[in-house]
Amino acid sequence: MLKSSEDVDQFWIENLHKNNEENSYNPERSKNRLNRTKLIDTQNIELDPLTDHARAMTLDVDGRDIELWYHYRCHVSRSLSKTFFLYPHYSPQRPSFSLPIRAFSTSTVQATKATQNPTDEKVVKPQWKAAIDFKWIRDNKDVVAVNIRNRNSNANLELVLHLYDKMLTLQKEVERLRGERNVVANKMKGKLEPSERQKLIEQGKNLKEELLSLEEDLLKLTDDLQQEAQCIPNLTHPDVPIGGEDCATIRKMVGSPREFSFPVKDHQQLGKDLDLLDFDAASVVSGSKFYYLKNEAVMLEMALINWTLSQVMKSGFTPLTTPELVRSSVVEKCGFQPRGTNTQVYSIEGSDQCLIGTAEIPVGGIHMDSIISESLLPLKYVAFSHCFRTEAGAAGAATRGLYRVHQFSKAEMFIICRPDESEKYLEELIRIEEDMFSSLGLHYKILDMASGDLGAPAYRKYDIEAWMPGLERFGEISSASNCTDYQSRRLGIRYRPSEPSAGNTPKKGKSNLAPPQFVHTLNATACAVPRMLVCLLENYQQEDGSVIIPPPLRPFMGGLELITPKSR
């Protein structure tokens, strides 16, 4: 009994039993078949998320399922929306090796399927899986529970543990049925009476149907487990203060507030008097929390960005501009919830894309699903982009003007490094921020943020707040976070150590390459333009209504030293 699709090479099928006897693929016997490229429709392909292989179909050979695997050598069609060119590889079990070629992710194929039928109106959301250590979570459930509570997270640890135990039980049952099915298949290899053979065939069919049902249940259970586990926040540095925003501790205070001998204006009044800002026209065109920059304010934005890039690049950062539309899966992998309650993310209706709220997201995606050589680390980027945030729930006098807006320009620093170096690079990011804000003459403080004010990816976060005399308070102008391996486990970013670590000496006949490890990622704001404009306008205002340009920015503004009121 043999059932297969028409595009399977008949010669290959006839030799399945020969390969099955050896329980492995025989390259010598199958040289000719390896050179025959098959054209397989993507609708028949199922990618294995753990290896660089795709299972194209399952054949029923004498009541036993035989999986036909394909691995992506070097031939892939120009358009993923149609077909793959793949070399065939037979194995009765999932291949245990991986190819030195970057594989397509499961989400890529699922997204491809979604685009194949133009009549489908509903967008299929690609699925992805984080490399979460469920066993560690189970073995350290008390630690995880305390961490969830300290961070005011809504993650449901009990549900995660329940789903994990249920998944393990179901996996054992699936393996048991697979074993029984293989026993039946082995019995059919010998000479049997027709009645006995028919009995085994029926038994094999029943096992196949039962196994198919359990595998579907296991797949759904795995997806549910992933969805719940992805809500668990990163661990917290032991020195982080416990509590809400008010529990943050001051790490450092720099400078002192400027004393004014005249009534202080806020940036909104200054912007109006100097013809720099127009909120009224923007509200008509785009809505509230939008603005027009005019005249010297435009030059000041450009000067801030160019000056910031030049300063950060001195520390070995590579400058980037990034896409400002990204796939929602990338947003999720970076630890944000594009469709969660009170989300700060704008999602594009009818697509799987979102507007970025920070360049951290597209920069993090650059090395997604890759293994980086240790010699290339650290990777340092400073990225300029426009950022878009819904600012859901934001209201009150403290959010008026430029302080909290829906769209703004920002330069973001991002570092990928070895795990043992992430704390060192967090200090480097803080030092860079300090140097820039001090050179601009700002009065600011550095805060070690409390556990309840940390985003899900952050292991530790420092905020910098500068004095804004017009608002009569400190306001956040920057933050720096060490996300350890929280993002890299979701983005699939790993590095390969140059030498195997102690205890990982390769066995005889095995590769001497060290196993890949997850990198650590860090991010920090180099310059958020609207907040910096607030600081500069309010701190450098003069009694005659003019505003002094700080010396470091003057070369980037054509030598302009003073913004003066326009003549009427």
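Here the structure is a predicted model, which is why all the values come from computation and not from measurement. This chain uses plain numbering: 1 for the first residue, then up along the sequence.
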Point to revise | Flag, side chain of Asp278 to backbone of Ala281, donor-acceptor distance under 3.5 Å | key: yes

Check your understanding: Short question: side chain of Arg489, backbone of Ala131 - any donor-acceptor pair under 3.5 Å?
Key -> yes

Check your understanding: Using a distance-only test with no angle check, is there a side-chain donor-acceptor pair under 3.5 angstrom linking Ser409 and Glu301?
Key -> yes

Check your understanding: Which residue pairs pass the ring-ring contact (aromatic ring centres under 6.0 Å, His included) test with at least one member in residues 141-168, sequence neighbours excluded?
Key -> Phe134-Tyr164

Review point. Does Glu374 reach the main-chain N or O of Ser498 with its side chain, forming a donor-acceptor pair under 3.5 Å?
Key: yes

Review point. Is Thr390 close to Tyr346 at the side-chain level, that is, under 4.5 Å between some pair of heavy atoms?
Key: yes

Review point. Is the side chain of Tyr495 donor-acceptor paired with the backbone N or O of Ser375 at a distance under 3.5 Å, no angle test?
Key: no

Point to revise | Flag for Thr358-Lys410: side-chain donor and acceptor within less than 3.5 Å | key: yes

Can you give the donor-acceptor pairs under 3.5 Å from side chains of residues 230-245 to other protein atoms, not counting sequence neighbours?
| unit_1 | atom_1 | unit_2 | atom_2 | d |
| --- | --- | --- | --- | --- |
| Gln230 | NE2 | Gln226 | OE1 | 2.7 |
| Asn234 | ND2 | Pro457 | O | 3.0 |
| Asn234 | ND2 | Cys483 | O | 3.1 |
| Asn234 | ND2 | Thr484 | OG1 | 2.8 |
| Thr236 | OG1 | Asn147 | OD1 | 2.6 |
| Thr236 | OG1 | Arg151 | NH1 | 3.0 |
| His237 | ND1 | Asp239 | N | 3.0 |

Point to revise | Tyr486 six-ring centre to Arg490 NZ/CZ under 6.0 Å and within 45° of normal | key: yes

Exercise for review: Give a yes or no answer on whether the side chain of Ser328 reaches the backbone of Asp352 with a donor-acceptor pair at less than 3.5 Å.
Suggested key: yes

**Study point:** Aromatic plane relationship, Phe388 with His386 - under 30° parallel, 30 to 60° tilted, over 60° perpendicular
**Key:** tilted

Revision key, fill the gap. One should read off an interatomic distance between Ile416 CD1 and Thr521 OG1, to the nearest 0.5 angstrom, of 7.5 Å

Point to revise | Aromatic centroids of Phe408 and His406 separated by under 6.0 Å | key: no

Practice item. Identify the heavy atoms of Cys535 and Ile477 that sit nearest to each other, and give their distance. Key: SG-CG2, 3.8 Å

Check your understanding: Do Cys334 and Leu491 come close enough that some side-chain heavy atom pair is under 4.5 Å?
Key -> yes

Review point. Just wondering, do Phe290 and Gln407 contact through their side chains at under 4.5 Å, heavy atoms?
Key: yes

Check your understanding: When you look at Phe317 and Ile415, which way does the side-chain contact (heavy atoms from CB on, under 4.5 Å) test go after all the steps?
Key -> CA-CA 9 Å; Phe317 284 72; Ile415 295 179; 3.9 Å; yes

**Study point:** Presence of salt bridge, Asp463 and Lys461, under 4.0 angstrom
**Key:** yes

Exercise for review: Might you work through the side-chain contact (heavy atoms from CB on, under 4.5 Å) test for Ile366 and Leu320, ending with a clear yes or no?
Suggested key: CA-CA 11 Å; Ile366 291 177; Leu320 296 174; 3.7 Å; yes

Exercise for review: Would you name the heavy atoms of Phe260 and Glu538 that are closest together and state the gap between them?
Suggested key: CZ-O, 3.6 Å

Review point. Would you say Met468 and Asp266 make side-chain contact, with heavy atoms under 4.5 Å?
Key: no

Review point. What pair of heavy atoms forms the shortest contact from Ala303 to Met557, and how long is it?
Key: CB-CG, 3.4 Å

**Study point:** Of Asp217, Asp224, Asp223, the residue whose pairing with Lys220 passes side chain to side chain donor-acceptor pair (under 3.5 Å)
**Key:** Asp224

**Study point:** Check: Gln344 side chain, Glu391 main-chain N or O, donor-acceptor pair, under 3.5 Å
**Key:** yes

Point to revise | Derivation of the salt bridge (charged side-chain N to carboxylate O under 4.0 Å, His left out) call for Arg251 and Glu427 | key: CA-CA 12 Å; Arg251 165 174 161 156; Glu427 293 300 318; 2.6 Å; yes

Exercise for review: Check whether any side-chain heavy atom of Phe437 lies under 4.5 Å from a side-chain heavy atom of Met532, and answer yes or no.
Suggested key: yes

Practice item. Give a yes or no answer on whether the side chain of Thr322 reaches the backbone of Pro362 with a donor-acceptor pair at less than 3.5 Å. Key: no

Point to revise | Tyr444 six-ring centre to Arg531 NZ/CZ under 6.0 Å and within 45° of normal | key: no

Check your understanding: Is there side-chain contact between Leu276 and Lys294, with at least one heavy-atom pair below 4.5 Å?
Key -> no

Check your understanding: Can you list the steps and then say if Asp448 with Tyr462 is a side-chain contact (heavy atoms from CB on, under 4.5 Å)?
Key -> CA-CA 5 Å; Asp448 191 354; Tyr462 294 110; 3.7 Å; yes

Review point. Does the Ser315 side chain pair with the main chain of Gln311, one donor and one acceptor, at a distance under 3.5 Å?
Key: no

Check your understanding: What is the minimum heavy-atom distance between Val331 and Val326, and which atoms define it?
Key -> CG2-CG2, 3.5 Å

Practice item. Examine distances only and state if a side-chain atom of Ser481 and a backbone atom of Ala458 form a donor-acceptor pair shorter than 3.5 Å. Key: no

Exercise for review: Would you confirm whether His267, through its side chain, and Leu402, through its main-chain N or O, come within 3.5 Å as a donor-acceptor pair?
Suggested key: yes

**Study point:** Sub-4.5 Å side-chain heavy-atom contact between Pro551 and Arg554
**Key:** yes

Revision key, fill the gap. Tightest non-hydrogen contact, residues Ile549 and Leu553, listed as CG2-CB, 4.0 Å

Revision key, fill the gap. Scanning both residues in full, the closest heavy-atom pair of Pro378 with Tyr425 reads CG-OH, 3.1 Å

Review point. Is the shortest heavy-atom distance from the side chain of His443 to the side chain of Met253 under 4.5 Å?
Key: yes

